Amino acid sequence: MNVDFQNVTKKFGSTTALDGVTVQFEENKIYGLLGKNGAGKTTLMQLLAGHILPTSGDVRIGGDSPFNNRDVLRNLCLINESSNFKRRLKVKDVLKVAAMFYPSWSHETADRLLQTFSLRTNQSTKGLSKGMESALGIIIGLASRAKVTIFDEPYIGLDASARYMFYDVLLEEYEEYPRTIILSTHLIDEVSQLFEEVIVLKDGRVLLQQPAENMVQKSIKVSGKSSVVDEFAKGKQVIEEKSMMGMKTAILYGEYISLDEAKSLGLEAERSTIQDVMVHLTNMEGGKAYA
Ligand SMILES: Nc1ncnc2c1ncn2[C@@H]1O[C@H](COP(=O)(O)OP(=O)(O)OP(=O)(O)O)[C@@H](O)[C@H]1O
């Protein structure tokens, strides 16, 4: 199911959380939805999950609006950091309800992940630690096999090893049973190798939408004598630079930039990370779009 946002604006009182967003999520792709605090990521996901209505514009999933639309919502699973599970229920009851709701539910995946995350099905959800609650959310998200599965910072309280288990299982599950996965995260370095496509929001607008690989290929971090760095940077977009005692480090972003060309001038050169590019682009003044 394709997801289509056409000129979507969402206002909360005087705050414009999303401002004329037009974006598409294709079937069977893993997306990273990135941006600084308050950029509009959660609002976009809430609109997608039919929890709220846009102030103007159109949100469509497989051609239909998700708002109050049970048929669409059975193919869509949003897991967020505060997926407050009904406090009186046991883990097994929460899973039973989810299994009834999602037509593609995989009992096998749920059982396997219960073991992976050491969750007991007889445990009351009231007694779950933050990490265990996140684990339960992740189990539901992956076992739902919903055609559109969205994780909004789903790992609060999970330690590093549990988070890496989540990333591994997510990839395994995705390979076995492809679906559209949207991951919103601030732990970009940890997760970025999962992304096929990256969407960066800034001040409620789409600043950039690109295949993850392109984003890396279009960026370069160079260091060396200031005059050489400046010469190399001519005509390219400098998104960050630091100088000290005649030396300079700069991050450049634009059309494909060759590492070899920089090295042949005697500069140290490497690709910068998606996290670096995201941080510096969103810190720059103005709202230029790089899509
Ligand atoms: N229910 C609401 N009522 C009022 N303002 C809201 C509401 N939800 C979001 N906003 C505002 O809309 C803007 C976008 O918020 P949103 O939560 O979508 O950002 P975000 O990118 O998810 O941020 P974070 O990374 O901090 O979770 C912010 O200015 C926020 O204060």
Side-chain angles (χ1 to χ4, degrees), residues 3-25 30-61 65-68 73 76-84 130-131 133-134 137-138 141 148-158 163 166-167 180-192 194-195 197-210 212 215 273-291:
V3 176
D4 194 10
F5 278 63
Q6 282 298 332
N7 205 16
V8 172
T9 293
K10 178 66 189 178
K11 293 188 181 184
F12 296 103
S14 59
T15 304
T16 303
L18 285 187
D19 188 5
V21 166
T22 295
V23 75
Q24 281 83 38
F25 297 86
I30 303 182
Y31 287 87
L33 182 62
L34 310 178
K36 297 205 289 190
N37 293 126
K41 304 179 295 294
T42 299
T43 304
L44 187 149
M45 291 181 277
Q46 299 278 338
L47 284 161
L48 215 169
H51 294 179
I52 53 177
L53 273 169
T55 308
S56 61
D58 213 12
V59 179
R60 299 269 154 188
I61 302 182
S65 163
F67 191 76
N68 265 342
L73 298 182
L76 187 147
C77 185
L78 167 63
I79 300 297
N80 52 37
E81 62 172 282
S82 52
S83 308
N84 286 314
K130 271 208 158 57
E133 216 172 348
S134 291
I138 286 168
V148 181
T149 304
I150 311 160
F151 292 105
D152 183 6
E153 302 271 5
Y155 38 61
I156 305 298
L158 282 187
R163 291 200 303 274
F166 165 49
Y167 308 144
T180 303
I181 295 180
I182 302 170
L183 283 163
S184 177
T185 180
H186 289 288
L187 300 177
I188 304 171
D189 273 344
E190 253 185 48
V191 192
S192 59
L194 301 182
F195 301 154
E197 183 126 344
V198 174
I199 294 174
V200 180
L201 294 182
K202 180 180 180 183
D203 300 333
R205 296 187 181 157
V206 177
L207 179 69
L208 175 151
Q209 174 167 14
Q210 257 175 30
M215 206 168 157
T273 61
I274 288 180
Q275 163 133 318
D276 266 351
V277 175
M278 195 298 281
V279 167
H280 295 306
L281 280 180
T282 55
N283 279 338
M284 288 172 76
E285 289 302 314
K288 186 174 176 210
Y290 292 85

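Atoms within a ligand are numbered from 1 in the order they appear, just like the ligands themselves. Here the structure is a predicted model, which is why all the values come from computation and not from measurement.
- Protein heavy atom closest to atom 12 (O) of ligand 1, with residue, atom name and distance, is A17 CB, 3.2 Å.
- Those atoms of ligand 1 that come under 4.0 Å of a heavy atom in H186, given as number and element, are 25 (O).
- Using a 4.0 Å cut-off to heavy atoms of T15, the atoms of ligand 1 that qualify are 11 (C), 12 (O), 29 (O).
- Closest heavy-atom approach to atom 17 (O) of ligand 1 among the candidates L18, L44, L33, T42: T42.
- Below 4.0 Å from some heavy atom of K36 lie the following atoms of ligand 1, by number and element: 21 (O).
- Here the protein heavy atom with the shortest distance to atom 10 (N) of ligand 1 is F12 CD1, 3.5 Å.
- Checking side-chain atoms of T273 against main-chain N and O of D276 turns up a donor-acceptor pair under 3.5 Å.
- There is no side-chain donor-acceptor pair under 3.5 Å between N7 and T22.
- For ligand 1, the atoms closer than 4.0 angstrom to any heavy atom of N37 are 23 (O), 24 (P), 25 (O), 26 (O).
- Regarding atom 18 (O) of ligand 1, its nearest protein heavy-atom neighbour is T43 OG1, 2.6 Å.
- Shown here for I79 and P154, the closest heavy-atom pair between the two residues is CG2-CB, 4.3 Å.
- Distances shorter than 4.0 angstrom do not occur between any heavy atom of G35 and any atom of ligand 1.
- Under 3.5 Å, the side chains of Q209 and E197 contain a donor-acceptor pair of N or O atoms.
- Short contacts between ligand 1 and K41, defined as distances under 4.0 Å to a heavy atom of the residue, involve ligand atoms 18 (O), 19 (O), 20 (P), 21 (O), 22 (O), 23 (O), 24 (P), 25 (O).
- The shell of residues lying under 4.0 angstrom from ligand 1, judged by heavy atoms, excludes M45.
- Remark: the backbone N or O of L158 is not paired with any side-chain donor or acceptor of S134 at under 3.5 angstrom.
- Nearest non-hydrogen protein atom to atom 23 (O) of ligand 1 is G38 N, 2.8 Å.
- Look at E153 and you'll find every heavy atom at least 4.0 Å from all atoms of ligand 1.
- Judged by distance alone, with hydrogens and angles left aside, the side-chain atoms of K41 form no donor-acceptor pair with the main-chain N or O of L33 at under 3.5 Å.
- Less than 4.0 angstrom separates some heavy atom of A39 from each of these atoms of ligand 1: 19 (O), 20 (P), 21 (O).
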